[in-house]
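Mind looking over this structure? Questions follow.
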Amino acid sequence: MTISMRRILLAFVAVAVACRATISETELATKAAQGLRLIDYDLDAEPIWMTEDEKLELIRANKNFFDVTDTYEPAESVVALKVVLDDQRAGQQAYAAPSKQSAVKPLISQISLSNMQSYLTNLTAFNNRYYRATTGAQASVWIRDTIAAIAAANPTSGASVALFPHSFVQSSIIAKIPGKDANAPLIIIGAHMDSINSRNTAGRAPGADDDGSGTVNLMEAFRVLVSSGFQASTPVEFHWYAGEEGGLLGSQDVAKSYKTNGALVKAMLQFDMTAYVAPGSKEVISLMPDYTNTNLTSFIGALVDNYSALPWAINGACGYACSDHASWDKQGYPTALPFEGTYPANSNSRIHSDGDTVNVTGFSWSHTLEYTKIAVAYAYELGA
Ligand code: BES
Ligand code: ZN
């Protein structure tokens, strides 16, 4: 289909979206003060008000959604974005083929699996990393402190890290490796640092795979780059999001604030679950096709070809609002989501429970190591 045909088709979609009424500031403030949450589960439907308990029922039923209570944007801006979004998902951005193998391969050889194991031991030791729990807030401070120590040990890198606070106790964490061109479009890599026990939110939630795995991929990739003296041309940012399990709360706050501040983003890569290989299944790096950018997804496939021994495959469909990339996609930024295996056939059934540990049959350190390689290669190929 040509671009103009697509635009005509999209005009019809936009009319459907325009049927979404705009919620007034007064209604937002009043309902939020009553403890209600505004849930957006489908772009073409009205968002609905729910109690926290009703929201938990959605999580228990494995339903995807944005909790937009803190980040609601009126229907008009949603319509305007819809056209932009479908254009950007179809491509537009160009990513040069990987070409820096002689610099990236020595970096990859510095990745330490025992560092990743030590980081994950620390993360899973918190009773849970629930976004409304004290231990969830403490886990976020622990990541900030660990990353700050790496930056402080390598002062010439100019790397820095800070908490990004939200309306709940847990903060997101943003680490920055400066670029020679401070205004060049950002290279972002993200993971969510929170975990949840959906049966009992005060209960044990080690979140080893969801998403301790992605969290430690980013921590170790950051360490390798910063300690190697990596000098970026383009700023590279590492984001650990709070409150993903509560409806992509942290990432929506961050992405909306970047958009409001006029930030340009060349690429946003999300890691969410990178460690589980279902027994008997083919080990593969699975690239999610929906709510992601096709050119960036192809580029990630090329990184896998160059820097991993594993094959990649495009399969599954994560659905509307399944992880933090969706918050960036919603703001019109290009995203990609490499996932641990074919979905939904080979999913880790223990997530969101006390059973999401490294002892699950199928939890694979060698598998998650491959994603740290991709993270290092992504930052270097796009950032150097
Ligand atoms: N890591 C999951 C998303 C996921 C699970 C992707 C299984 C692919 C396979 C994420 O943390 C999550 O649980 N998302 C929720 C939606 C969220 C907005 C509450 C989900 O998928 O149900
Ligand atoms: Zn989850």
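Read the numbers this way: they start at 1 and go in the same order the structure lists the ligands and their atoms.
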Electrostatic pair Arg129-Asp194, nearest N-O below 4.0 angstrom:
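No.
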So which of the N, O or S atoms of His352 lies nearest the Zn ion (ligand 2)?
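Result for His352 and the Zn ion (ligand 2): NE2.
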Quick one: angle Asp210 OD2 - the Zn ion (ligand 2) - Glu245 OE2, to the nearest 10°?
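Vertex the Zn ion (ligand 2), arms to OD2 of Asp210 and OE2 of Glu245: 100°.
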With under 30° as parallel and over 60° as perpendicular, where do the rings of His239 and Tyr258 fit, or are they tilted in between?
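If you compare the ring of His239 with that of Tyr258, the planes turn out perpendicular.
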Who gets closest to atom 20 (C) of ligand 1 by heavy atom: Asn64, Ile39, Leu249?
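Answer by nearest heavy atom: Asn64.
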Hphob cluster co-occupancy, Trp240 + Phe168, side-chain heavy atoms under 4.5 angstrom:
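Looking at the clustering, Phe168 is in a separate group from Trp240.
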I need the atoms of ligand 1 closer than 4.0 Å to a non-hydrogen atom of Cys318, numbered in the order shown.
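Numbered from 1, ligand 1 contributes 6 (C).
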Is Glu244 in polar range of ligand 1, meaning some N or O pair under 3.5 Å apart?
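Yes, at least one N or O pair falls under 3.5 Å.
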Check whether any N, O or S atom of His192 sits under 2.8 Å from the Zn ion (ligand 2).
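False for His192.
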Contact check: Phe339 vs ligand 1, nitrogen or oxygen atoms, below 3.5 angstrom
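No; the residue has no nitrogen or oxygen that sits under 3.5 Å from a nitrogen or oxygen of the ligand.
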Tell me, please, whether Tyr291 has Lys330 positioned over its six-membered ring: NZ or CZ under 6.0 Å from the ring centre and within 45 degrees of its axis?
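Checked: cation-pi criterion not met.
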Is a salt bridge present between Arg37 and Glu54, judged by a nitrogen-to-oxygen distance below 4.0 Å?
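Salt bridge flag = no for Glu54 with Arg37.
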Within 45° of the ring axis of Tyr41 and under 6.0 Å from its six-membered ring centre, is that where the NZ or CZ of Lys63 lies?
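Ring-cation test returns no.
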What about the rings of Tyr371 and His367, do their centers lie closer together than 6.0 Å?
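Tyr371 vs His367: aromatic centres under 6.0 Å.
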Heteroatom proximity flag, His192 to ligand 1, N/O under 3.5 Å:
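Yes, at least one N or O pair falls under 3.5 Å.
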Met273 neighbourhood, listing ligand 1 atoms whose heavy-atom distance to it stays under 4.0 Å:
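Once the distances to Met273 are compared, the set is 1 (N), 2 (C), 4 (C), 5 (C), 7 (C).
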Tyr320 vs Phe66 aromatic rings, parallel, tilted or perpendicular, using cut-offs 30° and 60°?
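It falls in the perpendicular class, over 60°.
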Nearest neighbour in protein (non-hydrogen) for atom 19 (C) of ligand 1
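Here the nearest protein heavy atom works out to Glu245 O, 3.5 Å.
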Against heavy atoms of Asn62, which atoms of ligand 1 measure under 4.0 Å?
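What qualifies from ligand 1 is 22 (O).
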Should Leu186 and Val254 be regarded as members of a common hydrophobic cluster, given that ILVMFWY residues are connected when their side-chain heavy atoms come within less than 4.5 Å of each other, either directly or indirectly?
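Same hydrophobic cluster.
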Please tell me whether Tyr241 and Leu163 are part of a single hydrophobic cluster in this structure, the criterion being side-chain heavy atoms less than 4.5 Å apart.
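Unlinked, Tyr241 and Leu163 end up in two clusters.
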His352 heavy atoms, cut-off 4.0 Å: which ligand 1 atoms fall inside?
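What qualifies from ligand 1 is 12 (C), 13 (O).
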Run the numbers for me: atoms of ligand 1, each under 4.0 Å from some heavy atom of Ala321, listed by number.
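Those of ligand 1 that fall under 4.0 Å from Ala321 are 16 (C), 18 (C).
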Only heavy atoms of Asp272, strictly under 4.0 Å: list the atoms of ligand 1 that pass.
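Ligand 1 atoms under the 4.0 Å threshold to Asp272: 1 (N), 2 (C), 3 (C), 10 (C), 11 (O).
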What are the atoms of ligand 1, with element, lying closer than 4.0 Å to any heavy atom of Cys322?
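Every atom of ligand 1 under 4.0 Å from some heavy atom of Cys322: 3 (C), 10 (C), 12 (C), 14 (N).
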Nearest non-hydrogen protein atom, atom 9 (C) of ligand 1
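Going by distance alone, atom 9 (C) of ligand 1 is nearest to Tyr343 CE1, 3.0 Å.
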With side-chain contact (heavy atoms from CB on, under 4.5 Å) as the test, pick out the partner of Glu244 among Met193, His192, Gln252.
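Only match with Glu244 under side-chain contact (heavy atoms from CB on, under 4.5 Å): His192.
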Please report which non-hydrogen protein atom sits nearest to atom 18 (C) of ligand 1, along with the residue it belongs to and the distance in Å to one decimal place.
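So the nearest neighbour among protein heavy atoms is Phe65 O, 3.1 Å.
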